[in-house]
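Below is one structure, written out as structure tokens, with a few remarks after it.
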Amino acid sequence: MPSLSLGIVGLPNVGKSSLFNAITNTCVAAENFPFCTIDPNVGIVQVPDSRLNSLAAVSGSQTILPATVTFVDIAGLVKGASKGEGLGNKFLTNIRETSALVHVVRCFEDDDVIHVHGKVDPLGDIDTIETELLLADLDMAQRAVDTQARRARTDKSEQEKLDTLTKVLSGLERNMGVSSLSLTPEEKLMLKTYEFLTAKPVIYLANVADDTVADMDQPLVVKVRDYAASRNASFLMLSAKLEAEVSGLPEEDRSEFLTMYGLSDSGLGRLARVGFSLCWGYRRILRQVQKKPELDDSWADCAP
């Protein structure tokens with residue numbers, strides 16, 4: 001059974017917890033004030049996919065095990081979190097082992113929902129979060145280099161790892177995330193155990209108003225989409241408010257409701273597809289499936 005873990009990050013009041021509530025169908029606090037989420041919220045959900053029935057028919061399997069997604073929602077970050085502002089950045093530890101990050105960006109205007117910076121500015125919000133992720137990695141890299149240097153003094157076989165960590169530290173000091181560095185496959189493997197946040201794939205998720213969920217060309221969304229493209233990252237647009245309404249409906253009514261808004265799939269389905277496309281394990285499954293001509297070609301929609 002393929003599985004995926006996604007860490008949800010963003011400023012306070014951008015819709016992180018509302019999104020978590022909707023896609024996991026739980027009841028996590030989501031209030032109109034900063035730092036409502038204190039303890040990390042974790043939810044594991046199965047991803048519904050009717051195509052699994054076709055796969056089971058071809059393979060003769062009596063049991064269908066849907067893919068699962070583990071969502072980890074942490075407290076919102078603010079500028080200066082690395083220095084203790086807001087609730088600090090201690091919660092970032094809870095998402096270091098996730099497969100990818102979902103960066104929720106507010107792309108809706110609402111006078112009733114406070115913005116911590118006083119205005120809706122998607123690119124400014126992204127910069128704040130990415131700066132804090134980079135600073136958290138910088139602190140970890142410095143400590144890792146210090147530790148590895150001590151090892152290398154007594155064991156020359158540790159020098160290669162020290163060189164790699166020093167390369168990462170140098171990049172972070174120049175405001176370059178780990179994913180933007182030129183690293184060999186061997187260097188990436190050496191860094192795997194450190195789980196640098198800036199090395200993770202990112203899905204930039206534009207959270208929009210429910211009445212604009214089908215408008216991909218709204219100005220705030222275009223900014224986030226273009227930014228994601230410039231980083232060669234994934235992009236997704238949805239409405240956390242609308243997803244909350246969908247999650248409260250009976251299963252048989254959801255498709256019709258989504259159609260009213262010009263959507264063919266829930267946010268969970270779309271987020272899972274984008275997320276799984278980032279994971280090597282699921283890519284192997286897709287390649288196996290695509291070799292079976294009896295199956296619908298839409299399986300390929302998940303392929304990277």
Side-chain angles (χ1 to χ4, degrees), residues 1-31 35-49 65-77 87 89-107 125-126 129 132-133 136 195 197 199-208 213 224 228 233-249 251 254 258 263 265-282 302:
M1 177 175 63
S3 62
L4 172 73
S5 57
L6 298 174
I8 305 176
V9 299
L11 290 174
N13 287 358
V14 297
K16 294 190 308 87
S17 294
S18 295
L19 175 67
F20 180 89
N21 290 348
I23 58 184
T24 62
N25 203 22
T26 59
C27 189
V28 175
E31 304 293 344
F35 316 121
C36 179
T37 301
I38 298 179
D39 296 324
N41 300 310
V42 179
I44 301 176
V45 299
Q46 290 186 340
V47 181
D49 196 328
L65 297 176
T68 62
V69 181
T70 299
F71 292 96
V72 183
D73 174 33
I74 63 170
L77 297 171
L87 294 177
N89 65 2
K90 59 184 178 180
F91 298 105
L92 290 176
T93 301
N94 298 99
I95 59 171
R96 284 202 179 275
E97 295 184 3
T98 57
S99 309
L101 300 181
V102 179
H103 188 160
V104 181
V105 185
R106 177 171 171 173
C107 291
D125 294 354
I126 289 173
I129 297 300
E132 293 305 323
L133 296 180
E195 298 288 1
L197 293 166
K200 296 184 183 297
V202 179
I203 302 169
Y204 292 94
L205 190 154
N207 182 21
V208 301
V213 73
V224 178
S234 299
F235 167 80
L236 185 66
M237 181 184 79
L238 57 73
S239 167
K241 181 179 179 181
L242 181 63
E243 293 299 324
E245 293 184 53
V246 173
S247 67
L249 294 174
E251 187 69 35
R254 294 181 182 180
L258 289 168
L263 303 174
D265 197 3
S266 68
L268 170 60
R270 288 180 284 136
L271 181 55
R273 265 201 304 278
V274 173
F276 274 124
S277 73
L278 301 174
C279 299
W280 285 107
Y282 201 60
C302 299

Inter-residue atom distance Asp73.CG - Asn21.CG, 0.5 Å rounding: 8.0 Å

4.5 Å side-chain heavy-atom contact, Leu11 and Val105: no

Derivation and outcome, side-chain contact (heavy atoms from CB on, under 4.5 Å), residues Ile95 and Leu101: CA-CA 8 Å; Ile95 59 171; Leu101 300 181; 3.8 Å; yes

As a quick check of understanding, evaluate side-chain contact (heavy atoms from CB on, under 4.5 Å) for Lys16 and Val102, giving each step before the final call. CA-CA 9 Å; Lys16 294 190 308 87; Val102 179; over 6 Å; no

Can you tell me if Ser234 uses its side chain to pair, donor with acceptor, with the backbone of Val274 under 3.5 Å? no

Please say which of Val72, Val42, Val104, Ile8 ends up in a side-chain contact (heavy atoms from CB on, under 4.5 Å) with Phe20. Ile8

Would you say that Leu197 contacts Leu92 through its side chain, given a criterion of any heavy-atom pair below 4.5 Å between the two side chains? yes

Would you name the heavy atoms of Ser99 and Pro201 that are closest together and state the gap between them? O-CD, 3.5 Å

List the atom of Val202, the atom of His103, and the distance in Å for their closest heavy-atom pair. CG1-CB, 4.0 Å

CG of Leu271 to CZ of Phe71: how many Å apart, nearest 0.5 Å? 4.5 Å

Minimum side-chain heavy-atom gap Leu19-Leu238 below 4.5 Å: yes

Ala22 and Ala244 have their tightest heavy-atom pair at CB-N, 3.5 Å

Do Leu205 and Leu236 come within less than 4.5 Å of each other through their side chains, counting heavy atoms only? yes

Nearest 0.5 Å, what's the CD-CZ distance between Glu245 and Arg254? 12.5 Å

For Ala206, does its backbone N or O pair with a side-chain atom of Arg106 as donor and acceptor, under 3.5 Å? no

Lys200 bridged to Glu97 by N-O distance under 4.0 Å: no

Do Tyr204 and Ile126 have side chains that approach each other closer than 4.5 Å (heavy atoms only, starting at C-beta)? yes

Have a look at Cys107 and tell me which of Val224, Asn207, Val14 forms a side-chain contact (heavy atoms from CB on, under 4.5 Å) with it. Val224

